[in-house]
2 protein chains.
Amino acid sequence: MEEGLRERKKRETRRRIADMAMGLFMTKGFDNVTVAEVARAADVSVNTVFNYFGTKEDLFLDREQELQESYDRVVRERAPGESVVEAFRRDYFAAMDAGDWRYGFNEGADVFSRLIMESPSLRARAREIDHLITMSLAATLAEETGADPDDLAPELVAGQILGLTRVVSRHLLRRTTAGEGRREALAALREQARAAFDRLESGIGGYGRRPVE
Amino acid sequence: MEEGLRERKKRETRRRIADMAMGLFMTKGFDNVTVAEVARAADVSVNTVFNYFGTKEDLFLDREQELQESYDRVVRERAPGESVVEAFRRDYFAAMDAGDWRYGFNEGADVFSRLIMESPSLRARAREIDHLITMSLAATLAEETGADPDDLAPELVAGQILGLTRVVSRHLLRRTTAGEGRREALAALREQARAAFDRLESGIGGYGRRPVE
DNA sequence: CCCTAAATTTGGAGGCGATGAAAAATGATC
DNA sequence: GATCATTTTTCATCGCCTCCAAATTTAGGG
């Protein structure tokens, strides 16, 4: 009894709902699709949709929660002699080469991101998830470094690192959206990511220093 | 015709709605107050409430938008020879001494913050405002430093600085909520804020470096 | 097979935030 | 005081979401 009929049907229903929803969102935009519409397309009742997904937003941002585990692993599996930032730098550049979806480097990530940007409720939910992921990473950092519970460093470091990846990846979206070829945009991004990580490592103490008159 | 009766009444109505709303929110919690309730308390119709405030959340977070201008000024009015981070450090510590509400140092900021934390929709809206403020600060930084439009430094620096203030200020809330006296909590916070700004200036390049085996 | 217990799905009623349009009230203007 | 513009109200409606009870489906044992 590895997997009963019940379990399989549940998994299938969940997937059918999510797939139908994504299809509708992609073609019509998130706010122009009602939950009733999704339910009809998936051939279930509205209540069943809310049975599997807490909110309409979760229909769209289903996979985002997996990121949490991914980032935690980057820290935990960093190499001997490697700092946390170095580990993320390595992970980020590897993701660029591999077209990893975690940082928005996959084909079609632009459509996905644009849909989020265009919907206030999706933006809000995405930010909430970002925050949860940051807190999770902070907890992992605190555990890995044996930090004091009152030490703010883990939370600050987590915020700075993830903030960096989000800003840099968002810039890629801006460029491709502006019509620039994906190839050139990625090449330019590599340089900007390098500079960003460098600045993160060496600090921004002198940034924008006003000259003495 | 400095100010007609019309203008005055509008201002009064707006204020009455905001005040009544805040009073209800404080005593019953944000999610336990309906817009209809606010309207009744302010003696207007529901539509009038939405006439003055775009959403229910804006009833609560009315003043937050002023922060934008405030942070921009910190950058623009930094002293000769002073870097951006130094200017914010100075502003932040001055605010601590003055009990400034901008960073949550005023009396009663804890109640305010707790209400935000406890309501998902308020949290979401607060984060959206945070993001807008960060983007505004980034634009100011770009202008002040004459940065290239493709330079990500302004956005990254803005995010790091404001992220720092939010994390540190949130820690004060955690401490006072835990029962610690405001006096001691503030004293401890000073040291933590100093460490946080130092780390921001000098970078986190070596953070969490795993020892070579 | 049949029966029962448990899980899943459904329908219906309703609350709440938000929008839109037309009617009513109020202030401004001449 | 009549007229015009603005503001407020009323009324209708939509969409997300919750709660509850009834109906359906599956699991497991006789």
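Letters A, B, ... mirror the listed sequences (proteins, then strands); counts begin at 1. When reading the values below, keep in mind they use all heavy atoms of this one structure, side chains included, and skip hydrogens, waters and symmetry mates.
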Figure out the [atom1]/[atom2] separation between [X] and [N], and round it to whole Å.
X        : N       : atom1 : atom2 : value
Phe30(A) : dG15(D) : CZ    : C1'   : 12 Å
Leu24(B) : dC16(C) : CG    : P     : 14 Å
Arg11(B) : dG27(C) : CZ    : P     : 15 Å
Glu7(A)  : dT8(C)  : CD    : P     : 8 Å
Lys56(A) : dC16(C) : NZ    : P     : 22 Å
Phe53(A) : dC16(D) : CZ    : P     : 15 Å
Asp31(A) : dA18(C) : CG    : C1'   : 13 Å
Arg8(A)  : dA7(C)  : CZ    : C1'   : 17 Å

Any Lys9(A) side-chain N or O less than 4.0 Å from OP1/OP2 of dT26(D): yes

OP1 or OP2 of dT9(C) less than 4.0 angstrom from a side-chain nitrogen or oxygen of Tyr52(A), does that happen here?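 Checking dT9(C) against Tyr52(A), a side-chain N or O does come within under 4.0 Å of OP1 or OP2.
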
Heavy-atom check, side chain of [X] versus side chain of [Y], under 4.5 Å:
X         : Y         : answer
Ser121(B) : Asp31(B)  : yes
Asp150(B) : Arg175(A) : yes
Val75(A)  : Arg78(A)  : yes

Of all the choices, [options], which nucleotide is nearest to the side chain of [X] once you look at every atom?
X        : options                   : answer
Thr13(A) : dT9(C), dC16(D), dA18(C)  : dT9(C)
Arg6(B)  : dA28(C), dT8(D), dA18(C)  : dA28(C)
Val35(B) : dT25(D), dG17(C), dG27(C) : dG17(C)

Using the test side-chain contact (heavy atoms from CB on, under 4.5 Å), find all partners of Phe50(A) that sit at least two apart in sequence or belong to another chain. Val35(A), Val46(A)

So for the helix from dC1(C)-dG30(D) to dC30(C)-dG1(D), with five pairs setting each end axis, what is the inter-axis angle to 10°?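 Answer for the end axes of this duplex: 0°.
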
Does a salt bridge link Arg8(A) with Glu12(A), judged by any charged N lying under 4.0 Å from a carboxylate O?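 Here Arg8(A) pairs with Glu12(A) in a salt bridge, since their nearest N and O are under 4.0 Å apart.
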
Salt bridge between Glu191(A) and Arg194(A), side-chain N to carboxylate O under 4.0 Å? yes

Kindly list each side-chain donor-acceptor pair under 3.5 angstrom involving residues 128-136 of chain B, sequence neighbours excluded, with atom names and distances?
from, atom 1, to, atom 2, distance (Å)
Glu128(B), OE1, Arg123(A), NE, 3.4
Glu128(B), OE1, Arg127(A), NH2, 2.7
Glu128(B), OE2, Arg123(A), NE, 3.4
Glu128(B), OE2, Arg123(A), NH2, 3.2
Asp130(B), OD1, Arg166(B), NH1, 3.4
Thr134(B), OG1, Asp130(B), O, 2.8
Thr134(B), OG1, Arg166(B), NH2, 3.4
Ser136(B), OG, Gln68(B), NE2, 3.4
Ser136(B), OG, Asp72(B), OD2, 3.1

For Glu143(B), salt bridge (Lys or Arg N to Asp or Glu O under 4.0 Å) partners two or more places apart: Arg76(B)

Residue pair Lys10(B)/Glu57(A) against DNA chain D: nearer the 5' end by closest nucleotide is Lys10(B)

Please tabulate, one pair per line, all N/O donor-acceptor pairs under 3.5 Å involving side-chain atoms of residues 107-116 of chain B, not counting sequence neighbours.
from, atom 1, to, atom 2, distance (Å)
Ser113(B), OG, Ala109(B), O, 3.0
Arg114(B), NH1, Thr177(B), OG1, 3.2

On the six-membered ring of Phe25(B), is Lys56(B) placed so that its NZ or CZ lies under 6.0 angstrom from the centre and within 45° of the ring axis?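 Output no; distance or angle outside limits.
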
For Val49(B), report the nucleic acid contact type (base, sugar-phosphate, nothing); a contact means any heavy atom under 4.0 Å. nothing

Produce the list of close N/O pairs, under 3.5 Å, pairing protein atoms with atoms of nucleotides 10-13 of chain C; give distances to one decimal.
from, atom 1, to, atom 2, distance (Å)
dT10(C), OP2, Ser45(A), N, 2.9
dT10(C), OP2, Ser45(A), OG, 3.3
dT10(C), OP2, Thr48(A), OG1, 2.2
dG11(C), N7, Asn47(A), ND2, 3.4
dG11(C), O6, Asn47(A), ND2, 2.1
dG12(C), O6, Asn47(A), ND2, 3.0

